[in-house]
Protein chains: 2
Amino acid sequence: MTTRWLTPEEQRAWRAYIGAALLLEDALDRQLQHDAGMPHMYYSILSNLSESPERRLRMTDLAERLKITRSRLTYAVARLEKDGLVRREECRWDKRGSVAALTDEGMTVLERTAPGHVATVRAALFDHLTPEQVGQLEEIFSGVTQALQGGEPADVPWLRRSCSGE
Amino acid sequence: MTTRWLTPEEQRAWRAYIGAALLLEDALDRQLQHDAGMPHMYYSILSNLSESPERRLRMTDLAERLKITRSRLTYAVARLEKDGLVRREECRWDKRGSVAALTDEGMTVLERTAPGHVATVRAALFDHLTPEQVGQLEEIFSGVTQALQGGEPADVPWLRRSCSGE
DNA sequence: CGGGCTTGGTTCAAGTTTTAAGCAAATCTA
DNA sequence: TAGATTTGCTTAAAACTTGAACCAAGCCCG
């Protein structure tokens with residue numbers, strides 16, 4: 001089958017997205033590293049826990065929400081636990097399972113650093129968007145999420161996680 | 001000053017974006033690792049070189065286009081050079097400078113793997129977007145780029161690269 | 001010219017991510 | 001219910017990224 005290259009419009013959109021995504025993550029990481037001593041993903045872990053019932057979540061559930069691998073999460077939680085911001089507990093119903101729980105200290109750090117984080121997100125993104133654009137953003141990217149993990153990418157095998165070798 | 005939290009619409013948009021961006025980079029990395037033996041950023045380096053006059057670019061220019069640090073680029077080019085896909089040359093006008101040049105072998109790898117990459121980008125993103133959404137995507141993210149490096153973030157100091165310590 | 005500042009690029013250590021195993025508890029199935 | 005498979009999570013090694021030095025070449029200005 002002959003390749004359908006990107007149209008000029010698509011190319012511009014793609015380049016704009018790729019570049020901005022890099023700059024954005026970079027800005028978030030830098031601000032949070034500076035103010036909270038951790039990268040954005042680690043902050044997201046705390047944030048996600050803080051919104052969960054009992055401020056705790058099983059590792060796999062947390063990994064799924066964050067869209068990261070369990071392995072990556074294991075490493076990150078180990079660091080956060082060493083810093084005293086998260087505590088590991090064992091799951092009562094499933095003895096294999098382990099649960100990450102936000103500590104009081106973790107909650108405190110989160111509360112202290114949340115305003116700066118929100119301000120960064122606004123300064124980098126939302127301050128420049130109209131309300132319509134906010135809607136468009138959600139529309140576009142919830143579709144992407146759908147495509148990449150919701151739907152059945154039957155014809156695009158390399159998009160599946162752990163497609164065994166070949 | 002009292003924090004302006006994200007509205008529910010903004011929160012939805014932000015979460016959709018963060019999640020999808022992670023999934024997307026992950027899908028691109030996995031496909032390119034599988035087909036070309038390198039992550040997306042490394043592919044972008046080759047791609048960017050291939051479009052430049054003489055298929056070569058100074059390190060700093062390349063880093064700027066890719067929106068990455070020079071340090072990161074140095075490491076990446078070292079790997080690509082070891083693989084024979086890129087060659088380092090010295091700059092004639094400025095003896096400090098070094099130039100990255102795409103080799104014939106690098107060009108071959110690029111040509112062989114480009115179709116699969118484009119197909120992935122389509123499957124993950126553009127196949128689900130209307131032409132209007134493509135325009136919206138570019139509009140939104142070129143604004144972000146502008147905000148993060150074009151404009152003068154005078155009031156948001158942590159967004160500047162290498163804001164000296166404090 | 002000669003000292004300071006800037007620029008282009010690399011290096012090194014510490015931190016993070018990926019990938020492929022690995023292990024043990026749960027679940028399925030005959 | 002034994003044996004095979006799956007699920008939940010961790011580990012270890014290799015690859016990659018970050019951030020702070022560092023060095024040398026260009027630049028500025030007396």
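Below, chain A is the first sequence line, B the second, and so on; all start at residue 1. Computation of the quantities below employed the complete heavy-atom set of this structure, encompassing side-chain atoms and omitting hydrogens, waters and symmetry-equivalent molecules.
Atom C1' of nucleotide dT17(D) and atom CD of Glu25(B) are separated by 14 Å, given to the nearest angstrom. Protein atom CD of Glu64(B) is 11 Å distant from nucleotide atom P of dG9(C), rounded to whole Å. The CG atom of Leu32(B) sits 15 Å away from the P atom of dT18(C) (whole-angstrom rounding). A straight line from CZ of Arg70(A) to P of dA20(C) spans 14 Å, rounded to a whole angstrom. Ile68(B) has its CD1 atom 15 Å from the C1' atom of dG19(D), to the nearest Å. Here dT17(C) presents its C1' atom at 12 Å from CG of Leu22(B), a figure rounded to the nearest Å. Rounded to an integer number of Å, the gap from Tyr43(B) OH to dA15(D) P is 23 Å. Put simply, OH on Tyr75(A) is 14 Å from C1' on dT10(D), counting in whole angstrom units.
Residues of residues 45-63 of chain A having a heavy atom closer than 4.0 Å to DNA chain D, listed by number: Arg58(A), Met59(A), Thr60(A). Contacts between residues 78-89 of chain B and DNA chain C, defined by a heavy-atom separation under 4.0 Å, are made by Arg88(B).
Residue-to-nucleotide contacts include no donor-acceptor pair under 3.5 Å from the side chain of Thr74(A) to the base of dT11(D). Counting atom types as modelled, Arg72(A) pairs no side-chain N or O with a base atom of dT17(C) as donor and acceptor under 3.5 Å.
One distance of note links NE2 of His128(A) with CD of Gln146(B); it measures 9.0 Å at 0.5 Å rounding. For the atom pair CZ (Arg58(A)) and OG (Ser98(A)), the distance works out to 8.0 Å, reported to the nearest 0.5 Å. Put simply, CG on Leu137(A) and CD on Gln133(A) are 9.0 Å apart, with the number rounded to the nearest 0.5 Å. Expressed to the nearest 0.5 Å, how far CG of Leu57(B) lies from CG of Asn48(B) amounts to 6.5 Å.
Residue pairs meeting the ring-ring contact (aromatic ring centres under 6.0 Å, His included) criterion with at least one partner in residues 79-123 of chain B, sequence neighbours excluded, are His40(B)-His117(B), Tyr43(B)-His117(B).
Of the residues listed (Ile45(A), Asp83(A), Val109(A)), the one engaging Met38(A) in a side chain to side chain contact (heavy atoms under 4.5 Å, CB included) is Val109(A), and it is the only one.
Ala124(B) approaches Ala147(A) most closely through the heavy-atom pair O-CB, 4.2 Å. Nearest approach of Ser50(A) to Arg55(A), heavy atoms of both residues: O-CG, 4.0 Å.
When distances are taken from the side chain of Ser71(A) to each of dG19(D), dA20(C), dT17(C), the shortest belongs to dA20(C).
Ring geometry for Tyr17(A) versus Phe141(A): interplanar angle of 30 to 60°, hence tilted.
Counting non-hydrogen atoms under 4.0 angstrom, Asp29(B) reaches nothing in the nucleic acid.
Nearest-nucleotide mapping onto DNA chain C: of Trp93(A) and Pro39(A), the residue sitting toward the 5' end is Pro39(A). Annotation: of the two residues near DNA chain D, Gln33(A) and Leu73(A), the 5′-most nearest-nucleotide partner is Leu73(A). Mapped onto DNA chain C by nearest heavy atom, Arg96(A) and Arg96(B) fall at different nucleotides, with Arg96(B) at the one closer to the 5' end.
Between Ser98(B) and dG8(C) there is no side-chain N or O to OP1 or OP2 distance below 4.0 Å.
Salt bridge status for Arg30(A) with Asp26(A): present, with a side-chain N to carboxylate O gap under 4.0 Å.
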